[in-house]
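Since the model is a prediction, treat every value here as computed from it, not as a measurement.
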2 protein chains.
Amino acid sequence: MVKGLFMLISEFAQQTGLSTDTVRFYVRKGLLSPETGNKGGYNPYQIFSPALVETARVIKLAQSLGFTLKEIAAFGEEYRAGALTATRGADILRGQLGKLEEKAALLAGMIGYVRAKIAWLEGGGQGAEPTFGVFACGVTAGVVDDAGKVRRA
Amino acid sequence: MVKGLFMLISEFAQQTGLSTDTVRFYVRKGLLSPETGNKGGYNPYQIFSPALVETARVIKLAQSLGFTLKEIAAFGEEYRAGALTATRGADILRGQLGKLEEKAALLAGMIGYVRAKIAWLEGGGQGAEPTFGVFACGVTAGVVDDAGKVRRA
DNA sequence: TATAACCGTGGAGTGTGGTCCATGGTCAAG
DNA sequence: CTTGACCATGGACCACACTCCACGGTTATA
């Protein structure tokens, strides 16, 4: 068997690091469209090209960027329809970039909060306990007193 | 009714932007622990303090950062446990800080990748196509500075 | 030709994060 | 004391992204 040129599902799975179940799942969802070979009789075997290995990598990447499988499948459709131009691709990515940046900002706020809290704890609890609101989304500042109640600053 | 001091579930839901169903779900999962008031007979009404509104905000935030409800609940547990001694609390938070910074580094890598890819697409595909690996393959540890860039620790 | 290794199909099950709903108890206004 | 708004419980149901399994057909190897 010539490795890597026209694979059956198990080799494809192994090359992509997916399980055969996941590959079949992706095929059902339209994310991967293998050829149907001449082997297998009533239920012909699926033949995977090296291009599909690349596709699988793109799917994984997109997933790690927070796209759902449904969205990824839609991108694939567009791509095959020839509608996925560079401009369009840049637009899609800009949308996702916005989401990622939003997340990063929130995360930065949370990190600031946790840092402040650590400093506060190590300083023996001097002064007002840091409140999350101070760091995130401009929520009205307040402090939590020893009884766990919020006092307005 | 005095707004915001000791709320029943529907007001709490409204103030947090959650549905009452979701609030009950969170209570079942241990993310929110309201008091049980004296009203309601066999099935006493849950009483929500303003501090829990704050908690709900933290939950939402943590969730948007990709923490699961289980992790968030564990965070809350640790938080309550660590609140006893400052040293212990600081230790716990440092652990959380590590996780957050890891996430931040990952996120920064993705943002860098997406930015580069957009630039590449808009430049008409000149030069080498950006690879995710270039951005994400050194994300072991780092911190995000004010500009959202990753600095190596 | 026997037998193991592989294939596809269909359906059930998992965990996460909810949402909906029927039932029945409780509370407050009129 | 009725009526409507509210409450809690329990269970069904949903989407997502898998994962497992039984069944039966196919292929390659010995």
Spacing between [X] atom [atom1] and [N] atom [atom2], to the nearest angstrom:
{"X": "B/E71", "N": "C/dG15", "atom1": "CD", "atom2": "P", "value": "16 Å"}
{"X": "A/L18", "N": "D/dC18", "atom1": "CG", "atom2": "P", "value": "8 Å"}
{"X": "A/Q14", "N": "C/dC7", "atom1": "CD", "atom2": "P", "value": "12 Å"}
{"X": "A/F6", "N": "D/dT27", "atom1": "CZ", "atom2": "P", "value": "18 Å"}
{"X": "A/I59", "N": "D/dA17", "atom1": "CD1", "atom2": "C1'", "value": "13 Å"}
{"X": "A/K29", "N": "D/dA17", "atom1": "NZ", "atom2": "C1'", "value": "8 Å"}
{"X": "B/L32", "N": "C/dG18", "atom1": "CG", "atom2": "P", "value": "11 Å"}
{"X": "B/E35", "N": "D/dA8", "atom1": "CD", "atom2": "P", "value": "14 Å"}

- Pair B/R57 + B/E54, salt bridge at N-O below 4.0 Å: yes
- A/K60 side chain to A/T16 main-chain N or O, any donor-acceptor pair under 3.5 Å? yes
- Item | Heavy-atom donor-acceptor pair, B/K117 side chain to A/G89 backbone, under 3.5 Å | no
For [N], take OP1 and OP2 only and decide whether either is under 4.0 Å from a side-chain N or O of [X].
{"X": "B/T22", "N": "C/dT19", "value": "yes"}
{"X": "A/S10", "N": "C/dC7", "value": "yes"}
{"X": "A/K70", "N": "D/dC16", "value": "yes"}
{"X": "B/Y26", "N": "C/dG17", "value": "no"}
{"X": "B/Q63", "N": "C/dG18", "value": "yes"}
{"X": "A/K39", "N": "C/dG8", "value": "no"}
{"X": "A/R24", "N": "C/dG8", "value": "yes"}
{"X": "B/Q46", "N": "D/dA8", "value": "yes"}

- Under a 4.5 Å cut-off applied to non-hydrogen side-chain atoms, are B/L32 and B/Q46 in contact? no
What nucleotide, of [options], holds the atom closest to the side chain of [X]?
{"X": "B/N43", "options": "C/dG18, C/dT19, D/dT9", "result": "D/dT9"}
{"X": "A/L69", "options": "D/dA17, C/dT16, D/dG25", "result": "D/dA17"}
{"X": "A/R28", "options": "C/dG17, D/dT19, C/dC7", "result": "D/dT19"}

- Item | Residue closer to the 5' end of DNA chain D, A/T68 versus B/P44 (nearest nucleotide) | B/P44
- Select base, sugar-phosphate, or nothing to describe what B/T20 touches, counting heavy atoms under 4.0 Å on all strands. nothing
- With a 4.0 Å cut-off on heavy atoms, is A/Y42 in touch with a base, just the backbone sugar-phosphate, or nothing at all? sugar-phosphate
- Query: Which sits closer to the 5' end of DNA chain C, B/G41 or A/I47, going by the nucleotide each is nearest to?
  - Reply: A/I47
- Which sits closer to the 5' end of DNA chain C, B/F25 or A/D21, going by the nucleotide each is nearest to? A/D21
- Item | Linked, directly or transitively: A/V58 and A/L100 (ILVMFWY side chains, under 4.5 Å) | no
- Message: Could you walk me through whether A/T36 and A/I47 satisfy the side chain to side chain contact (heavy atoms under 4.5 Å, CB included) test, starting with their C-alpha distance in whole Å, then the side-chain angles of each, then the deciding distance to 0.1 Å, before giving a yes or no?
- Response: CA-CA 6 Å; A/T36 51; A/I47 306 295; over 6 Å; no
